[in-house]
Trainee: 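Next up is a structure, given as structure tokens.
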Amino acid sequence: MKVAVLPGDGIGPEIVTEAVKILNALEERFEIEQAPIGGAGYEVGGHPLPDATLALASHADAILFGAVGDWKYDRLERELRPEQAILGLRKHLRLFANLRPVICYSELTGASSLKSEIVSGLDILIVRELSGDIYFGQPRGLRDAPDGPFYGSREGFDTMRYAEPEVRRIAHVAFQSAQKRAKRLTSIDKANVLETSQLWRDVITSVACEYPDVELSHLYVDNAAMQLVKAPKTFDVIVTGNMFGDILSDEAAMLTGSIGMLPSASLDANNKGLYEPSHGSAPDIAGKGIANPLATILSVAMMLRYSLGRAEQANRVEDAVKSILAQGYRTMDIATPNCKKVGTQEMGDAVIAALAS
Ligand code: NAD
């Protein structure tokens, strides 16, 4: 099976190196090919998503992605900025379902900004629609306001839109995910204000008839943001649109102690996927050897499970991560008093040692 490895920028290469080490430490051999993307792609090919990188990603069975972005590219025109690479990949590969497990490991409850009784044992799955919504809706742009109280002033505008089949396909992913867990699904929208959300709610409710074993509830996004910090353990699976999911999943990330712990999978209709940590390229700590590689290593576990059909290997990697946390290994972002403080590379080595034991 072929895995395309796209390290990207900032801490991307550092954390991906550790994740690839894990992949290579498994008994089974995977064909691994690497290509530049983001700022690194721009430097070599003048575009954040070079043709050769896109071709490699298109033909691979799965993609392991680090992170893209650096402040030094902020002055480039939007289409050439590193972040466009990930949007381009999602679009070309028709990746519409983003799965983000939010798990608070018992050893890390102290690293969360919330009281440990609120987060201890937390296990949520966020299913975020990835290909529609205001991030992709047309028309969008900058113009002189054609009407209204600010007529003639420069204004920016975007279009939030969802089509019924788009909502239906993500609904099925969410209901089926809930069936494999505690069978509770919360759909998050803003149906009291937005037409897009009203359609979203109607479609989710209609799909629910096909999954009578799953208990469905709806929440407005503002209330959901509150509930996530007030009583996060009341959630099992969450399904939501692209923008609300973007924001809520970062909020949820902090419940676990560090965004450096959160893996993610972005899947197409055939479970081909792109796997990446939920965080960005962290330019503030790039090159220092202190980034937490566990989100990327746990993304490898998701890749083994969802795209490579190796659930047993996925469990092994996840168990190895739990084991090194239990042994006290911590990178700076999750450090606690008396822990074994390690850098990126030592953390990867510790996971490999746990895999072998
Ligand atoms: P970020 O996630 O990169 O960093 C936020 C904070 O979390 C920083 O303090 C950083 O040091 C810390 N952090 C992130 N990952 C960490 C890790 N593995 N270990 C320890 N600490 C970690 O978000 P940002 O600072 O808003 O964005 C930086 C760049 O990343 C920007 O260019 C942004 O556009 C880009 N970005 C890329 C992606 C992606 O590639 N999918 C996602 C989000 C942001």
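For reference, positions follow the sequence shown, starting with 1. Start at 1 and go down the list; that is how both ligands and their atoms are numbered.
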Trainee: Using distance alone, decide if ligand 1 has a nitrogen or oxygen within less than 3.5 Å of any nitrogen or oxygen in Ile259.
Mentor: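 It does not: no N or O of Ile259 is found under 3.5 Å from an N or O of ligand 1.
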
Trainee: I need the contact type for Glu83 against ligand 1. Using non-hydrogen atoms and a strict under-4.0 Å cut-off, is it side chain, backbone, both or neither?
Mentor: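 Side chain only.
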
Trainee: Could you tell me whether Trp71 and ligand 1 have an N or O pair separated by under 3.5 Å?
Mentor: no

Trainee: Test of understanding: clusters of I, L, V, M, F, W, Y form through side-chain heavy atoms closer than 4.5 Å, transitively. Do Ile352 and Ile32 belong to the same one?
Mentor: yes

Trainee: Which heavy-atom pair separates Pro48 from Gln84 by the least distance, and what is that distance?
Mentor: CG-CB, 4.3 Å

Trainee: Under the 4.0 Å line, does any protein heavy atom show up next to atom 18 (N) of ligand 1?
Mentor: yes

Trainee: Please list the nearest protein heavy atom to atom 21 (N) of ligand 1 with its residue and the distance rounded to 0.1 Å.
Mentor: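 Answer, as residue, atom name and distance: Ile285 CD1, 3.6 Å.
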
Trainee: Counting only heavy atoms on the protein side, is anything nearer than 4.0 Å to atom 33 (C) of ligand 1?
Mentor: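 Protein heavy atom within 4.0 Å of atom 33 (C) of ligand 1: present.
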
Trainee: When you measure from atom 9 (O) of ligand 1 to the protein, is at least one non-hydrogen atom found at a distance under 4.0 Å?
Mentor: yes

Trainee: If two hydrophobic side chains count as joined below 4.5 Å and joins carry through other members, does Leu89 share a cluster with Leu80?
Mentor: no

Trainee: Got the closest protein heavy atom to atom 43 (C) of ligand 1, with its distance?
Mentor: Gly280 CA, 3.6 Å

Trainee: Can a protein heavy atom be found under 4.0 Å away from atom 26 (O) of ligand 1?
Mentor: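 No, no protein heavy atom sits under 4.0 Å from atom 26 (O) of ligand 1.
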
Trainee: So for ligand 1, is Pro283 a polar contact partner (N or O within less than 3.5 Å, distance only)?
Mentor: no

Trainee: One residue to check: Asp284. Relative to ligand 1, which of side chain, backbone, both or neither has a non-hydrogen atom less than 4.0 Å away?
Mentor: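 Side chain only.
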
Trainee: Between Ile290 and ligand 1, is there a nitrogen or oxygen pair with a distance under 3.5 Å?
Mentor: no

Trainee: Relative to the heavy atoms of Gly69, which atoms of ligand 1 are at a distance of less than 4.0 Å?
Mentor: 32 (O)

Trainee: Of Pro232, Ser112, Ser106, which meets side-chain contact (heavy atoms from CB on, under 4.5 Å) against Leu122?
Mentor: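 Testing each of Pro232, Ser112, Ser106 against Leu122, the sole residue satisfying side-chain contact (heavy atoms from CB on, under 4.5 Å) is Pro232.
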
Trainee: Would a single hydrophobic cluster contain both Leu49 and Val5, if residues Ile, Leu, Val, Met, Phe, Trp and Tyr are joined by side-chain heavy-atom contacts under 4.5 Å?
Mentor: no

Trainee: Within the structure, does at least one protein heavy atom fall under 4.0 Å of atom 1 (P) of ligand 1?
Mentor: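 When distances to the protein are checked, atom 1 (P) of ligand 1 has a heavy atom within 4.0 Å.
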
Trainee: With rounding to the nearest 0.5 Å, note down the distance linking CZ in Arg29 to CG in Leu23.
Mentor: 8.5 Å

Trainee: Is Asn292 in polar range of ligand 1, meaning some N or O pair under 3.5 Å apart?
Mentor: yes

